[in-house]
Amino acid sequence: MDNFNPKLAAWLKNEPATEAGLNNIQIPGKTRNLVWQNRYREPTRYEQALVSQLESAFAEGIAELDELVAALNRRGLRNEAGEAWTPANFQDEMARLGY
């Protein structure tokens with residue numbers, strides 16, 4: 001099973017396809033369904049660590065941005081550049097990771 005959708009990477013370029021649905025027509029009974037339809041690659045270790053820390057913070061009832069940023073910093077998780085989290089760089093990172 002794939003952990004990402006290999007055809008999705010082509011869509012990220014935001015350019016129209018030159019062929020109309022080439023290799024994308026689904027034949028009943030022969031369609032290969034992907035669990036991770038919205039991933040164009042597997043998540044990095046950094047992304048997995050961020051998700052884990054966010055899940056833990058949410059499970060503790062943290063829901064406000066300032067509290068969330070403080071929790072990530074307390075736990076020692078830094079952003080991908082190795083910097084401490086701020087509300088601004090956290091929002092930028094969520095925008096980047098959310099496409």
Side-chain angles (χ1 to χ4, degrees):
M1 173 177 64
D2 291 333
N3 288 323
F4 63 97
N5 183 348
K7 291 186 178 187
L8 188 61
W11 288 92
L12 293 176
K13 296 176 190 170
N14 200 19
E15 297 175 8
T18 56
E19 300 89 19
L22 184 63
N23 295 322
N24 289 308
I25 296 173
Q26 294 184 359
I27 300 169
K30 296 189 179 192
T31 302
R32 189 172 137 242
N33 291 317
L34 300 171
V35 174
W36 302 106
Q37 293 286 334
N38 59 344
R39 289 184 182 170
Y40 71 96
R41 61 171 172 72
E42 289 192 51
T44 64
R45 279 192 272 162
Y46 158 75
E47 291 167 346
Q48 291 173 338
L50 179 57
V51 167
S52 177
Q53 292 296 327
L54 289 173
E55 287 176 342
S56 294
F58 294 145
E60 292 173 13
I62 295 173
E64 297 299 323
L65 178 59
D66 289 337
E67 294 173 20
L68 185 59
V69 166
L72 292 175
N73 287 327
R74 258 193 323 273
R75 295 164 189 226
L77 182 70
R78 299 293 182 242
N79 68 15
E80 202 163 30
E83 302 166 343
W85 291 102
T86 65
N89 69 18
F90 180 82
Q91 290 175 313
D92 289 345
E93 187 68 345
M94 292 300 101
R96 181 184 76 82
L97 293 173
Y99 313 118

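No single ILVMFWY cluster, assembled from side-chain heavy atoms under 4.5 Å apart, contains both Val51 and Leu72. Under the 4.5 Å side-chain heavy-atom criterion for Ile, Leu, Val, Met, Phe, Trp and Tyr, Met94 and Leu77 are members of the same hydrophobic cluster.
Rounding to the nearest 0.5 Å places CD of Gln53 at 13.0 Å from CD of Gln48.
Of the possible polar contacts, one joining the Ser56 side chain to the Ser52 backbone as a donor-acceptor pair under 3.5 Å is found. Between the side chain of Asn89 and the backbone N or O of Ala84, at least one donor-acceptor pair lies under 3.5 Å. A side-chain donor-acceptor contact under 3.5 Å links Glu47 to the backbone of Thr44.
In terms of heavy atoms, Ala57 sits closest to Leu68 at CB-CD1, 3.6 Å.
Relative orientation of the Tyr46 and Trp85 rings is parallel, given thresholds of 30° and 60° on the angle between their planes.
Looking at Arg78 and Asn73, their side chains come closer than 4.5 Å, going by heavy atoms from C-beta outward.
For residues 83-93, the salt bridge (Lys or Arg N to Asp or Glu O under 4.0 Å) pairs, not counting sequence neighbours, are Glu93-Arg96. Residue pairs that meet the salt bridge (Lys or Arg N to Asp or Glu O under 4.0 Å) test with at least one member in residues 58-71, sequence neighbours left out, are Glu60-Arg75.
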